[in-house]
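Everything on this sheet refers to the single structure shown next.
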Amino acid sequence: MIYDLIVIGAGSGGVRAARIASVHGAKVAMIENNKFGGTCVNVGCVPKKFFYYLSQINKDIANYKSYGCKISDPQINWRKFIQKKDKEITRLNTIYENILNNNKIKIIKGSAKFIGSKKILVGKKILQAKKFIIATGGKPKKTDFLEGNKHVNTSDDIFSLKKLPKRMTIEGGGYIAIEFAYIFANLGISINLIYRGKRILKTFDEDIVDFLIKNNPNNKIKIHFEKTITEVNKLKKEYVVRLDDKKIIKTDYVLSATGRIANTKNLGLEKTKVQINDNHSIKVNRHFQTHEKNIYAVGDVIDYVNLTPVAIRQGHFLADKLFNNKKMIEYDFTNIPTAVFTSPQIGTVGLTLEMAKKNKIDAYELTTSFKSMKKTFLTKDKDTFYKLVISKKDKTILGIHIISDDAAELIQLLAVNVVARNTLDDFKKTVAVHPTSSEEIITI
Ligand code: FAD
């Protein structure tokens with residue numbers, strides 16, 4: 001049998017592409033060598049968000065105490081929490097499998113390897129298709145010093161952490177490292193964050209990142225800028241981390257979150273004309289087509305913007321294009337909103353002033369910062385900062401950068417303004433909702 005489409009990888013992008021292709025009448029097979037749902041469901045967004053929710057417990061209780069409530073300190077049952085998280089993920093795995101089954105997609109468990117441009121090998125089976133979508137995602141990579149070091153964990157390992165340590169050392173400066181630093185610091189763990197650069201979250205607005213750094217949960221996070229880890233050894237029950245300046249940090253857990261690498265090894269791509277970049281991601285054109293014209297790729301494996309909704313929309317767009325291009329939705333892949341689940345959270349969409357300048361766009365920014373009403377009795381410190389980047393030419397909103405306890409929820413809707421090219425006047429025309437924090441962005 002020759003399938004119309006074989007999708008490799010049942011993660012965010014692959015499952016969406018397979019389902020939409022099947023809805024359009026294509027005969028589809030899905031190859032998956034691990035759990036259904038991919039990174040997001042198993043070792044990414046979903047378990048991370050549960051970790052984040054739990055991490056807010058001390059902060060929330062402190063706030064209620066400031067309202068005069070008497071609450072005893074919480075006892076976290078970490079083992080029970082991990083069991084509950086695992087149970088929910090198993091439920092989601094089944095939902096993903098059911099999506100495939102209900103859409104009559106043939107599921108084949110195993111690793112796919114190309115043996116030609118229209119043939120793959122899965123175990124001992126040869127499968128043929130007219131078209132292929134590679135949606136194999138990525139996996140954590142450790143820095144060269146730490147590669148192969150069994151005392152060093154990655155984000156894949158942390159989701160099955162057996163018990164909460166007292167001290168944690170985290171290497172990295174991207175959103176995954178920073179989210180874990182804030183999650184565990186809020187749970188009372190002392191964090192040493194080691195970052196090789198001068199600026200964490202380097203693609204984010206600088207004022208927003210500075211604001212985050214100032215909001216250091218009980219000063220539990222110590223950032224070591226321009227440092228790398230050169231060695232990690234176990235000494236009795238603790239780990240000894242050595243930095244490149246010879247400094248020694250003693251810790252109970254080491255997490256390396258220094259980036260991810262596309263899953264292209266062992267895919268047999270050398271048997272096709274598919275080309276890969278230096279970082280192992282697959283080269284595609286703007287319609288997600290590789291150099292082999294019947295082979296396409298979406299999601300983290302192409303290393304464009306590595307987020308679940310991006311992989312989903314790429315998969316959806318591609319399935320529409322290949323099997324029913326009359327129904328195609330044109331997505332805006334330039335203004336992609338994103339959140340960082342620190343506390344406060346960061347939400348961002350569109351250009352920073354720095355990016356506008358680089359693109360020779362004449363722009364200015366408006367900002368406001370304040371303490372949210374909820375924390376009136378708790379603190380004098382500001383916990384919210386909003387910034388709009390506006391075009392000087394016609395007042396179009398080019399970017400929105402916010403940091404607040406609910407920034408992730410806010411930025412989803414604020415992003416519509418950037419995608420729709422609304423102007424500052426549209427903001428001003430809109431009547432505020434009072435008393436809220438978000439009214440401050442309307443009246444900025
Ligand atoms: P994946 O979801 O990785 O799916 C790839 C699938 O292919 C996997 O199931 C894999 O087993 C399978 N596979 C690989 N090779 C083969 C093979 N040879 N044969 C068969 N199957 C194969 N994104 C957000 O939007 N929001 C977040 O808050 C967020 N948080 C994250 C937190 C962490 C810790 C991490 C690691 C990621 C996070 N992401 C987040 C990113 C998000 O998880 C990814 O962008 C998304 O999962 C990519 O989807 P994908 O379909 O490209 O690949």
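Ligands are counted one by one from 1 in listed order, and the atoms in each one are counted from 1 as well. All residue numbers in this chain count up from 1 along the given sequence. Quick note: numbers below take in every heavy atom, side chains included, and nothing from hydrogens, waters or symmetry partners.
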Can a salt bridge be assigned to the pair Arg91 and Glu88 using a cut-off of 4.0 Å between side-chain N and carboxylate O? yes

Pull out every atom of ligand 1 sitting under 4.0 Å from any heavy atom of Asn34, numbered as shown with elements. 11 (O)

Below 4.0 angstrom from a heavy atom of Gly38, which ligand 1 atoms are there? Numbered from 1 as shown, please. 2 (O), 4 (O), 8 (C), 9 (O)

Lys49 near ligand 1 by a heavy-atom separation under 4.0 Å: no

Counting from 1, what ligand 1 atoms have a heavy atom of Ala135 closer than 4.0 Å? 4 (O), 5 (C), 6 (C), 7 (O)

Does the distance from a Lys or Arg side-chain N to an Asp or Glu carboxylate O, for Arg196 and Glu226, drop under 4.0 Å? no

Using the benzene-type ring in the case of Trp, are the ring centres of Phe211 and Phe385 under 6.0 Å apart? yes

Determine, for Lys371 against Asp383, whether the closest basic-nitrogen to carboxylate-oxygen distance falls under 4.0 angstrom. no

For the residue pair Phe51 and Phe184, categorise the inter-ring angle as parallel (less than 30°), tilted (30 to 60°) or perpendicular (more than 60°). perpendicular

Under 4.0 Å, heavy atoms only, figure out whether ligand 1 is touched by the backbone of Asn266, its side chain, both or neither. neither

Any ion pair linking Lys27 and Asp4 (charged N to carboxylate O, less than 4.0 Å)? no

Run the numbers for me: atoms of ligand 1, each under 4.0 Å from some heavy atom of Leu267, listed by number. 18 (N)

Got the closest protein heavy atom to atom 52 (O) of ligand 1, with its distance? Asp300 N, 2.8 Å

Less than 4.0 Å is my threshold; does some heavy atom of Gly110 fall inside it relative to ligand 1? yes

Counting both backbone and side chain atoms, is some N or O of Asn263 under 3.5 Å from an N or O of ligand 1? no

Report yes or no: is the cationic atom of Lys109 (NZ for Lys, CZ for Arg) under 6.0 Å from the centre of the six-membered ring of Phe36, at an angle within 45° of the ring normal? yes

Compare every heavy atom of Gly138 with every heavy atom of Asp300, then report the nearest pair and how far apart it is. CB-N, 4.0 Å

Please compare Thr39, Thr264, Asn33, Val46 and report which has the shortest non-hydrogen distance to atom 1 (P) of ligand 1. Thr39

Here the atoms of ligand 1 under 4.0 Å from any heavy atom belonging to Ile8 are 17 (C), 19 (N), 20 (C)

Would you check if the side chain of Thr230 reaches a backbone N or O of Arg242 as a donor-acceptor pair within less than 3.5 Å? yes

Would Lys387 and Asp207 satisfy salt bridge (charged side-chain N to carboxylate O under 4.0 Å, His left out), going step by step from the backbone distance to the final call? CA-CA 9 Å; Lys387 179 183 277 192; Asp207 291 337; 2.8 Å; yes

Before we go on, tell me: are the rings of Phe159 and Phe180 under 6.0 Å apart, centre to centre? yes

Atom 47 (O) of ligand 1: the protein heavy-atom neighbour that sits closest, reported with distance to 0.1 Å: Cys40 N, 3.3 Å

If you count the atoms of ligand 1 from 1 in the order shown, which ones are under 4.0 Å from a heavy atom of Gly299? 52 (O)

Do any nitrogen or oxygen atoms of Leu307 lie less than 3.5 angstrom from nitrogen or oxygen atoms of ligand 1? yes

Is the distance between the ring centroids of Phe50 and Phe81 under 6.0 Å? no

Pick from Gln56, Lys375, Lys374, Gln345: which one makes a side chain to side chain donor-acceptor pair (under 3.5 Å) with Asp405? Lys375

Specify the closest pair of heavy atoms between Ile221 and Asn216, including all atoms of both residues, with the distance to one decimal. O-ND2, 2.7 Å

Does the residue Tyr175 have a heavy-atom contact with ligand 1, meaning some pair of atoms that are separated by less than 4.0 Å? yes

Can you tell me the protein heavy atom closest to atom 29 (C) of ligand 1 and the distance? Cys45 SG, 3.5 Å

Within a distance under 4.0 Å of any heavy atom of Asn306, pick out the atoms of ligand 1 and give their elements. 41 (C), 45 (O)

To check your reading of the model: name the closest protein heavy atom to atom 46 (C) of ligand 1, its residue, and the distance in Å. Thr308 OG1, 3.5 Å

To which of Thr136, Asn42, Thr338 does the heavy atom nearest atom 14 (C) of ligand 1 belong? Thr136

Give me the nearest non-hydrogen protein atom to atom 51 (O) of ligand 1 as residue plus atom name, then the distance to 0.1 Å. Gly13 N, 2.8 Å

Any salt bridge between Lys142 and Glu147, counting N to O under 4.0 Å? no

I want to confirm something. Looking only at heavy atoms, which of Ala112, Pro47, Gly14, Ser12 is nearest to atom 18 (N) of ligand 1? Ala112

closest protein heavy atom to atom 36 (C) of ligand 1 is Arg260 NH1, 3.2 Å

Centroid-centroid distance, Phe370 to Tyr386, less than 6.0 Å: yes

Quick one: look at Ile176 and ligand 1, take heavy-atom pairs under 4.0 Å, and tell me if it's side chain, backbone, both or neither. side chain

Considering only non-hydrogen protein atoms, determine which one is nearest to atom 34 (C) of ligand 1 and report residue, atom name and distance to 0.1 Å. Val43 O, 3.7 Å

Provide, to 0.1 Å, the distance between atom 4 (O) of ligand 1 and the closest protein heavy atom, together with that atom's residue and name. Gly11 CA, 3.4 Å

Side chain or backbone of Lys48 under 4.0 Å from ligand 1, or both, or neither, by non-hydrogen atoms? side chain

With heavy-atom distances below 4.0 Å as the criterion, list the atoms of ligand 1 near Ala311. 49 (O), 52 (O)

